[in-house]
Asker: 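What follows is a single structure, and I will ask about it in a moment.
Letters go in sequence order (proteins before strands), and every chain restarts at 1.
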There are 2 protein chains.
Amino acid sequence: MVAMATKIQKSERRPDALSKERIVGAAIEILDTDGEGALTFRALAARLATGSGAIYWHVADKSDLLAAATDAVIARVMAAIDRGAEPREAIRSLALGLFDAIDTHPWVGTQLTGSPWQPAMLLIFEGIGGPLLVLGVPERALFDSWSALVNYILGVAGQNAANARLHGQETDRSAGLASVAEQWAQLDPARYPFLRRMATQFSEHDDREQFLAGLDLILAGIGTVR
Amino acid sequence: MVAMATKIQKSERRPDALSKERIVGAAIEILDTDGEGALTFRALAARLATGSGAIYWHVADKSDLLAAATDAVIARVMAAIDRGAEPREAIRSLALGLFDAIDTHPWVGTQLTGSPWQPAMLLIFEGIGGPLLVLGVPERALFDSWSALVNYILGVAGQNAANARLHGQETDRSAGLASVAEQWAQLDPARYPFLRRMATQFSEHDDREQFLAGLDLILAGIGTVR
DNA sequence: ACCTGAACACCGTTCAAGT
DNA sequence: ACCTGAACACCGTTCAAGT
């Protein structure tokens, strides 16, 4: 049978019609503004001035919605990455881009893990591995090096998300750090020699700097493979 | 006022009385057997042959319950760690102990992050930092080295938990790996040179080995600091 | 002091009914 | 084709009432 010209349905719809993009956009707003707990189908329907069931016409279920929202944010990050930089710098740039994205959208960190089929994830994977090729990492160390970087970068992403989930944005971070540091300072020095010594540094540390320092240690480790 | 001798209430209770320990034990069984989604106060009450409200007498809320369950598992892991080994080996032993514990109790990985006040977490922190002192890592690199290891170890823990949450234990892992690898093998080699090359290795990789390889890369990186 | 279980205020998801 | 919103089967948590 000869293919018939199919009418483009989308363009006929009224401009405020529901679409997966509009739903995902509204979901991102809710997630960013009020946190993961605030994203309910009822809240989403209210914001979109529709019924909760209408959303299911465009979205399979809540995990589909979260995956789509994550994909949208990650795609934006990846588009902004500094291509063609020195390989180590390219990896740092990608890693920091992800770190900052998760800092502003903590819920992304929760989602980011364990869906290696999402297109955004492919971009991340290649964005970490590609520079390793350029760097001339020996064949036998390629996979281990890539895997270490991916595990580290996505792992820290998840941690930050969990931290953000734990204490909402209102909590005074430096006060929290100070109280932990004080607890460390009072530990038995015979049993906790390390934490005692690190108390001050812990109270002054910056998560982003530590993230980058760890990344550089892994890159240094990769550099030792000859 | 002079302290009065207080009767020890606990010993008078009937042996099957509810206690936080019994509740936590039952919760761990449910979590291990049926997963995070199956731990509800109703299911827990049914297993303990009591009312759901009774649990609240011993446990503040669900997050308290999860924290206590996590603490119990971690404490067991830490007790089994090989103390007094060569420092690098001590770190590996601790890391693998955590990895394996999360492999059998995936829900622990979800919890493990972001509660640096839990006693079990202190043991982990010191267990990673202590060997760095023995290793003679220079003062200025101590905190970065510790932070990188902690971020990596807990990060991968969280990832594994997310993976386990994603596809329940019934999913055939090697089939999943193979299908991802096949997808990679068909990517455009101009845009995805790395993933194309890694497809085979990805399909054959072992998470535990990759975890250890990454840890060794970080330790190698720490070794470059003089 | 500790336990019971109904009740409350939520969820995600479905589905008959509308346009 | 798309939308509506009530209904269903759950949750965590509370609380009056029991022992």
Asker: Please report the distance, rounded to the nearest Å, between CG in A:Leu44 and P in C:dT13.
Answerer: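 So the CG-P distance, A:Leu44 to C:dT13, works out to 12 Å.
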Asker: Can A:Gln210 and B:Asp144 be counted as having a side-chain donor-acceptor contact under 3.5 angstrom?
Answerer: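 Yes, because at least one side-chain N or O of A:Gln210 sits under 3.5 Å from a partner of the opposite role on B:Asp144.
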Asker: Is a salt bridge present between A:Asp188 and A:Arg196, judged by a nitrogen-to-oxygen distance below 4.0 Å?
Answerer: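 Answer for the salt bridge query: no.
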Asker: Taking NZ, NE, NH1 and NH2 as the nitrogens, is one of them in B:Asp100 or B:Arg208 under 4.0 Å from a carboxylate oxygen of the other?
Answerer: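 Salt bridge: yes.
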Asker: Within this structure, what is the CG-to-C1' distance between B:Leu18 and C:dG5, rounded to whole angstrom?
Answerer: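 The distance from CG of B:Leu18 to C1' of C:dG5 comes to 15 Å, rounded to the nearest Å.
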Asker: Looking at D:dT13, C:dG12, C:dC2, which one has an atom nearest to any side-chain atom of A:Tyr56?
Answerer: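 Nearest nucleotide to the side chain: C:dG12.
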Asker: Of all the choices, D:dA1, C:dA6, C:dG12, which nucleotide is nearest to the side chain of A:Lys62 once you look at every atom?
Answerer: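 Shortest atom-to-atom distance from the side chain points to C:dG12.
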Asker: Give a yes or no on whether a salt bridge exists between B:Asp64 and B:Lys20, defined as a side-chain N under 4.0 angstrom from a carboxylate O.
Answerer: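 Here B:Asp64 pairs with B:Lys20 in a salt bridge, since their nearest N and O are under 4.0 Å apart.
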Asker: For C:dC15, what is the paired nucleotide under Watson-Crick or G-U wobble rules, both distances under 3.5 Å?
Answerer: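 Base-paired to D:dG5.
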Asker: State whether B:His58 places a side-chain N or O below 4.0 Å from either non-bridging phosphate oxygen (OP1 or OP2) of C:dC3.
Answerer: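 So the side chain of B:His58 is within the cut-off, an N or O lying under 4.0 Å from OP1 or OP2 of C:dC3.
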Asker: Of the nucleotides D:dC2, D:dG12, C:dT13, which one has an atom closest to the side chain of B:Thr40?
Answerer: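 That would be D:dG12.
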Asker: Please tell me which of A:Arg42 and A:Ala54 maps to the more 5' nucleotide of DNA chain C, matching each residue to the nucleotide holding its nearest heavy atom.
Answerer: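 So the residue in question is A:Arg42.
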Asker: Without decimals, in angstroms, what is the distance between A:Ile55 CD1 and C:dG12 P?
Answerer: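 Whole-Å distance recorded here is 10 Å.
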Asker: Under 4.0 Å, counting only non-hydrogen atoms across every strand here, what does A:Leu39 touch: a base, just sugar-phosphate, or nothing?
Answerer: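 Sugar-phosphate only.
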Asker: Any side-chain N or O of A:Trp57 below 4.0 angstrom from OP1/OP2 of D:dC2?
Answerer: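 Answer yes for this pair, as a side-chain N or O of A:Trp57 is under 4.0 Å from OP1 or OP2.
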Asker: Quick one: label A:Leu48 by what it contacts on the DNA or RNA (base, sugar-phosphate, nothing), any heavy atom closer than 4.0 Å.
Answerer: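 Since no nucleic acid heavy atom lies under 4.0 Å of A:Leu48, the category is nothing.
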Asker: Please state how far atom CG in A:Asp64 lies from atom C1' in C:dT14, giving the value in whole angstrom units.
Answerer: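 After rounding, the gap between these two atoms is 17 Å.
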Asker: Can you tell me which nucleotide in D:dT13, D:dC3, C:dG12 comes closest to the side chain of B:Asp61?
Answerer: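 When the side chain of B:Asp61 is considered, D:dT13 is the closest of D:dT13, D:dC3, C:dG12.
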Asker: Check the distance between D:dA7's P and A:Phe41's CZ and give it to me in whole angstrom.
Answerer: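 Between P of D:dA7 and CZ of A:Phe41: 21 Å.
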Asker: Would you call B:Asp82-B:Arg92 a salt bridge at under 4.0 Å N-O?
Answerer: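 Result for this pair is no, no salt bridge flagged.
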